[in-house]
Protein chains: 2
Amino acid sequence: MKKVNSDVAYDYIRKRILSGEYPPGHALMTEELSGVIGVSRTPVREALHKLKADGLVSIRARLGASVKKMDVKEFREMCDMRLALEGHATALAALNHSQADLREIRFALDGMRGLTERLIAAEEESPLLDELVREDVRFHIAIMTAAKNDLMKGEILRLHLVNRIVFGPVNPTSGVPVSRGTKPERDENRRRVLASHDEIYDAIARGDAIAAKRAMEDHIQDIIEKGLRIMAHSGAGLITRELTDEELVYNG
Amino acid sequence: MKKVNSDVAYDYIRKRILSGEYPPGHALMTEELSGVIGVSRTPVREALHKLKADGLVSIRARLGASVKKMDVKEFREMCDMRLALEGHATALAALNHSQADLREIRFALDGMRGLTERLIAAEEESPLLDELVREDVRFHIAIMTAAKNDLMKGEILRLHLVNRIVFGPVNPTSGVPVSRGTKPERDENRRRVLASHDEIYDAIARGDAIAAKRAMEDHIQDIIEKGLRIMAHSGAGLITRELTDEELVYNG
DNA sequence: GGAAATGCACTTGTATACAGATTTGCAAGC
DNA sequence: GCTTGCAAATCTGTATACAAGTGCATTTCC
């Protein structure tokens, strides 16, 4: 599949949204972007519409596009949806996983364990944090892969990405959220995350769909609460109103 | 919100896909469509991309767009996702519903009951069928509304629409799927659907989230099996091979 | 001085022209 | 007969010009 200009524009803009270079609310004007990216307005327009479908950008007719701002209501809704999907997918993973899937999940888990221990021991975190986040993502992706449902996997990954808008600002080069709270708090949080992951892995490994689902739901609930706390404290326009005037008619 | 030309093109094409006028696999060429709709290629292109995001159209770079064809694998995945979302949303509806929500659900349910009885009694169905389908949709929408999660509601309705591609062909004017099977079979099926809906409503009304969820999951499971049977029999490029009876029994 | 009106700058939405890719039809070669 | 190569036809992707809507600032009027 050949890469066309609209894909170039899409990748360019998306990267900058996820890295935090374009913060929530930032205006995305087609002419400006087309100049920077080096393509015409048409593919830029297309890229913006695709990003809107991803949930990273909001577009209002004749008023232009901007990086999505999420309010608390929408964040809760998104998390609730993620809870439903990822919980179900985890149950499927417990039933459908192959041995290779299981190995991949455990690799990610072991990687996280090592990094977490080193992070707790260390004073300076930054180089290890990127790796930890990468392994965390790897863990979740491995489970979604084991569930053997590409559609759900895609949708869940999409939600993960949109979630990152809330957890910003992030390290511009790595895309990893900057640390929050005191070190003991962060250490405690990391231990809890690891314990959750252990529980999820064990349940999947022994094929216990119900326990796996519950463990994943608890884990996501933790993440939700963390997100809500961040939104409450950082504010910075995140909690302001947000109108999605998308009225889809659902009948013929 | 002003209606722009790309919206006109979107509505035009979408309507024809859902009505079956553009069947699965039908090529959607920008120039031809722009001529018929009376706008230029640019808004048509945009509309096609939006329909792709909806899951109704597939686009391959430089090869053009066509109405989405669904294979069995994708259909199962979609249904499984719907199961997860709609089950969860039903549980939420049991917890979050207002009295007005409950009334709206019961109105739809009562409407369906009356229509079902008249349909079973009648010989000629066509005028009543449209109404029955409308009330069925109304029932499901009312529950999603009661769940108080607009994001999930939107996603579920999207999946409902994509589902309709499988249940085609439909009555061109009303968009209602044409009847299948013998009359006793259809009557039996309608009674079962109604009983399912009753069960779902009762559980929601008494705030029993677990029972509501389970009832909705069973109901959707029924729909899934019906869809798989239709796919197996209608074929028409939808499936590559004949299904075994085992495959017809859907179990995630 | 403040509110309404008006004009301007800017941006989006749309039409259209053009370049490149893909398919199709046909003829030549094995 | 079937494949292979080539060229025309066709369609997509992109650039660009133009029209129309929106917000802002200045002006005008009370």
Side-chain angles (χ1 to χ4, degrees), chain A residues 1-14 16-17 22-69 237 240-249, chain B residues 1-14 16-17 22-69 237:
Chain A
M1 192 157 98
K2 218 159 226 169
K3 194 162 201 173
V4 291
N5 279 5
S6 61
D7 293 329
V8 175
Y10 175 79
D11 292 341
Y12 182 96
I13 301 167
R14 197 177 104 122
R16 273 144 232 254
I17 292 174
Y22 296 159
H26 184 261
L28 300 166
M29 286 169 299
T30 52
E31 188 144 15
E32 184 190 331
L33 287 168
S34 76
V36 177
I37 300 172
V39 299
S40 78
R41 282 179 57 221
T42 310
V44 170
R45 232 179 112 70
E46 214 158 271
L48 289 174
H49 277 93
K50 193 152 183 242
L51 287 163
K52 180 192 173 183
D54 289 345
L56 292 173
V57 157
S58 52
I59 300 179
R60 287 177 302 170
R62 309 228 119 110
L63 294 179
S66 59
V67 180
K68 179 94 174 181
K69 274 195 214 174
T240 61
R241 53 86 233 166
E242 166 68 19
L243 289 181
T244 33
D245 38 9
E246 259 169 290
E247 332 250 16
L248 293 183
V249 186
Chain B
M1 188 160 108
K2 215 154 227 170
K3 196 163 200 171
V4 291
N5 280 4
S6 61
D7 293 329
V8 175
Y10 175 80
D11 292 341
Y12 182 97
I13 301 167
R14 197 178 104 121
R16 271 143 235 259
I17 291 174
Y22 296 159
H26 183 261
L28 300 166
M29 286 169 299
T30 52
E31 189 144 14
E32 185 190 331
L33 287 168
S34 77
V36 178
I37 300 172
V39 300
S40 78
R41 283 180 55 222
T42 311
V44 170
R45 229 179 116 69
E46 213 159 273
L48 289 174
H49 278 93
K50 191 149 183 245
L51 287 163
K52 181 193 173 184
D54 288 345
L56 292 173
V57 157
S58 52
I59 300 179
R60 287 176 304 167
R62 306 205 177 256
L63 294 179
S66 59
V67 180
K68 178 96 176 180
K69 272 194 210 175

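In what follows, chains carry the letters A, B, and so on, assigned in the order in which the sequence lines appear, proteins first and then strands, with residues in each chain numbered from 1.
Residues that satisfy the side chain to side chain donor-acceptor pair (under 3.5 Å) test with A:Y22, not counting sequence neighbours, are absent from this structure. A:T30 is linked by a side chain to side chain donor-acceptor pair (under 3.5 Å) to A:R41, counting only residues two or more places apart in sequence or in another chain. Scored by the side-chain contact (heavy atoms from CB on, under 4.5 Å) test, A:T42 finds A:S40 as partners (sequence neighbours excluded). The side-chain contact (heavy atoms from CB on, under 4.5 Å) search around B:A47 returns B:A9, B:Y10, B:I13, not counting sequence neighbours. Remark: A:V57 engages A:I17, A:L28, A:L51, A:I59, A:A65 in a side-chain contact (heavy atoms from CB on, under 4.5 Å) (not counting sequence neighbours). Under the rule for a salt bridge (Lys or Arg N to Asp or Glu O under 4.0 Å), A:D54 has no partner lying at least two apart in sequence or in another chain. Residues satisfying the salt bridge (Lys or Arg N to Asp or Glu O under 4.0 Å) test with A:R14, not counting sequence neighbours, are none.
Nucleotides of DNA chain C with any atom under 4.0 Å from a heavy atom of chain A span, from 5' to 3', C:dT11 to C:dT14.
The two residues B:K68 and B:P24 make their nearest non-hydrogen contact at O-CB, 3.5 Å.
Contacts between residues 26-44 of chain B and DNA chain C, defined by a heavy-atom separation under 4.0 Å, are made by B:V39, B:S40, B:R41, B:T42, B:P43.
Following rounding to the nearest Å, B:R62 (CZ) and D:dT12 (P) show an atom-to-atom distance of 11 Å. Rounded to whole angstrom, the span from the CG atom of B:N5 across to the C1' atom of D:dA20 amounts to 12 Å. Rounding to whole angstrom units, CZ of residue A:R45 and P of D:dG13 are separated by 16 Å.
Along DNA chain D, the nucleotide nearest A:L63 and the nucleotide nearest B:I59 are compared for position; the residue whose nucleotide lies closer to the 5' end is B:I59.
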